[in-house]
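Written below as structure tokens is the structure these notes are about.
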Protein chains: 2
Amino acid sequence: MRKKLRETAHETATMRLRQAGLRPTRQRNELAKLLFRDGHRHLTAEMLHAEAVAEGVKVSLATVYNTLHQFTQAGLLLQVVVDPTRSYFDTNTADHQHFYCEDENSLTDIPGPEISVADLPTPPPGTEIKRVDVVVHVRRH
Amino acid sequence: MRKKLRETAHETATMRLRQAGLRPTRQRNELAKLLFRDGHRHLTAEMLHAEAVAEGVKVSLATVYNTLHQFTQAGLLLQVVVDPTRSYFDTNTADHQHFYCEDENSLTDIPGPEISVADLPTPPPGTEIKRVDVVVHVRRH
DNA sequence: TCAACAGTTTAGAATTATTCTAAAGAGACT
DNA sequence: AGTCTCTTTAGAATAATTCTAAACTGTTGA
């Protein structure tokens, strides 16, 4: 017998949290469900908080900030730095790249095969490469 | 007869400003001299302001911010977004890429031939590519 | 089952980088 | 020199984010 979608989503979220070593609290569960429900998303803390409030989820902005950082640390999210005034979080943690349009403040995944970055440079002494961020800045015309 | 270095630097700065369509005021001249005196640099507004003050240049922090943005608009600087808490400005406006070490908050140019980015993706409809930012995140080991 | 502990949430204050404001100052052109 | 416009400035204002300390809640083990 099939369970209701709601329940399944909840269980998925809970499992995800447990695997990440995070205690599955009500808030974290709800936020996880919002974040990972459909496709990949690019959100700021304010955006996620607004969405949660709109859906009747009771959670404070401080918790949204905490949670986003915890999720990022746990590898569930990627923090994308493109705008000097805001932090975006990406639910797609696979290696991929972004378009960023300053005019409209929009951040989107680059579809299809990723840009190939050839010949990675040798990192400064004492360091190793963690990851390579590629942001293609675009402008309306 | 040779002019003193100081004077030459001042005149170079003034020229640079005029060419950029910026009125060469005392503050802008002094900041330009600090920014462009040796090699390429990566600075925040706070850093430049501290440097100016240390050298006895009387300039307010607000002016440093204004100036950095004006220089950026004029193409004399590049704003590099790597840290969600701070804005860096790069005196190297040529097409190049960066190493960023979060551990020590250091931003450096990638030396030698730049990373080749093959097969630029088609930008979203209604937009054109402005530039491609590549940041190689490194970590101490 | 429930007490107790450690981890979590919260409102609101605090912090930090940055921008704004409006008044005083200074290039530039006549 | 005079005037006009652009620039600078101190300090206030703003916006995103972090901190604080008190209340709350999963979890664990008796």
Side-chain angles (χ1 to χ4, degrees), chain A residues 10-11 13-32 34 42-53 56-74 76-77 79-89 102 105 107, chain B residues 10-11 13-32 34 42-53 56-74 76-77 79-89 102 105 107:
Chain A
H10 194 85
E11 279 155 29
T14 300
M15 210 121 86
R16 212 193 281 264
L17 290 173
R18 285 205 196 285
Q19 279 178 355
L22 293 167
R23 189 188 285 189
T25 64
R26 177 178 61 75
Q27 289 86 338
R28 295 213 267 234
N29 261 307
E30 300 288 5
L31 292 176
L34 290 178
H42 301 94
L43 295 165
T44 65
E46 287 283 2
M47 286 163 72
L48 180 56
H49 182 244
E51 192 171 310
V53 168
V57 175
K58 209 177 146 271
V59 63
S60 75
L61 181 56
T63 297
V64 173
Y65 272 103
N66 290 339
T67 303
L68 286 173
H69 287 135
Q70 290 152 357
F71 283 16
T72 300
Q73 272 213 313
L76 266 40
L77 293 175
Q79 184 166 12
V80 186
V81 184
V82 281
D83 186 318
T85 73
R86 238 177 292 289
S87 265
Y88 283 91
F89 294 86
E102 218 172 305
N105 236 301
L107 182 66
Chain B
H10 193 86
E11 279 155 29
T14 300
M15 210 122 85
R16 213 193 281 263
L17 291 173
R18 284 205 196 286
Q19 280 178 357
L22 293 167
R23 189 187 286 188
T25 64
R26 177 178 60 76
Q27 290 85 338
R28 295 213 266 234
N29 261 305
E30 300 287 5
L31 293 176
L34 291 178
H42 300 94
L43 295 164
T44 64
E46 288 282 2
M47 287 162 70
L48 180 56
H49 183 245
E51 191 170 311
V53 168
V57 175
K58 208 177 146 273
V59 64
S60 74
L61 181 57
T63 298
V64 173
Y65 272 103
N66 290 339
T67 304
L68 286 172
H69 287 134
Q70 290 151 358
F71 283 15
T72 300
Q73 272 213 311
L76 267 38
L77 294 175
Q79 185 165 11
V80 186
V81 184
V82 280
D83 186 317
T85 74
R86 242 177 289 290
S87 264
Y88 283 92
F89 293 86
E102 217 173 303
N105 235 301
L107 182 66

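Each chain gets a letter, A, B and so on, in the order its sequence line appears, and its residues count up from 1.
- Taking the side chain as every heavy atom from C-beta outward, B:Asp83 and A:Val81 never approach each other to under 4.5 Å.
- Spacing between atom CZ of A:Arg86 and atom P of D:dT14 amounts to 17 Å, rounded to whole angstrom units.
- The distance between atom CG of B:Asn66 and atom C1' of C:dA22, rounded to the nearest whole Å, is 14 Å.
- Contacts between residues 21-30 of chain B and DNA chain C, defined by a heavy-atom separation below 4.0 Å, involve B:Arg23, B:Pro24, listed by number.
- Between the side chain of A:Arg86 and the main chain of A:Glu46, no donor-acceptor pair closer than 3.5 Å is present.
- A straight line from CD of A:Gln70 to P of D:dT17 spans 16 Å, rounded to a whole angstrom.
- Of the candidates D:dA10, C:dG12, D:dT17, the closest approach to any side-chain atom of A:Leu61 belongs to D:dT17.
- Residue B:Leu48 forms a side-chain contact (heavy atoms from CB on, under 4.5 Å) with just one option from B:Val53, B:Val64, B:Leu61, and that option is B:Val64.
- When rounded to the nearest whole Å, the span between NZ of A:Lys58 and P of C:dT8 equals 18 Å.
- Atom-to-atom, CE of B:Met47 to C1' of C:dT16 comes out at 17 Å; the value is rounded to the nearest Å.
- Of the candidate nucleotides D:dA10, C:dG12, C:dA17, D:dA10 has the atom lying nearest to any side-chain atom of B:Ser60.
- Atom pair A:Leu68:CG and C:dT9:P shows a separation of 12 Å (rounding to whole Å applied).
- Once rounded to the nearest 0.5 Å, the distance linking CZ of A:Arg26 with CG of A:Leu31 reads 9.5 Å.
- Atom CG of B:Leu48 and atom C1' of C:dT18 are 15 Å apart (whole Å).
- Atom CD of A:Gln79 is surrounded by more than 12 heavy atoms from other residues, nucleotides or ligands within 6.0 Å.
- B:Arg28 contributes a side-chain N or O that, together with a main-chain N or O of B:Arg23, makes up a donor-acceptor pair within less than 3.5 Å.
- For B:Gln79 and C:dA17, the CD to C1' distance is 12 Å, given to the nearest whole Å.
- Taking the screw axis at each terminus of the helix from C:dT1-D:dA30 to C:dT30-D:dA1 from five consecutive base pairs, the angle between the two is 30° to within rounding of 10 degrees.
- For A:His42, the ring pair (Phe, Tyr, Trp, His ring centres under 6.0 Å) partners are A:His98, not counting sequence neighbours.
- Of the two residues near DNA chain C, B:Ala45 and A:Thr63, the one whose nearest nucleotide lies more 5' is A:Thr63.
- At D:dT18, none of the side-chain N or O atoms of A:Tyr65 fall inside 4.0 Å of OP1 or OP2 (strictly under the cut-off).
- Contact check for A:Asn105 versus A:Tyr88: side-chain heavy atoms found under the 4.5 Å cut-off.
- In this model, the phosphate group of D:dT17 is not approached by any side-chain N or O of A:His69 to a distance below 4.0 Å at OP1 or OP2.
- Considering CZ of B:Arg16 and CZ of B:Phe71, their distance stands at 8.5 Å, rounded to 0.5 Å.
- A sub-4.0 Å separation between OP1 or OP2 of C:dT18 and a side-chain N or O of B:Ser87 is present.
- For an aromatic pair to be called close, the ring centres must be under 6.0 Å apart, and A:Tyr65 with A:His49 fails this.
- When the nearest nucleotides of DNA chain D are assigned to B:Ala62 and A:Thr85 by heavy-atom distance, the more 5′-ward of the two goes with B:Ala62.
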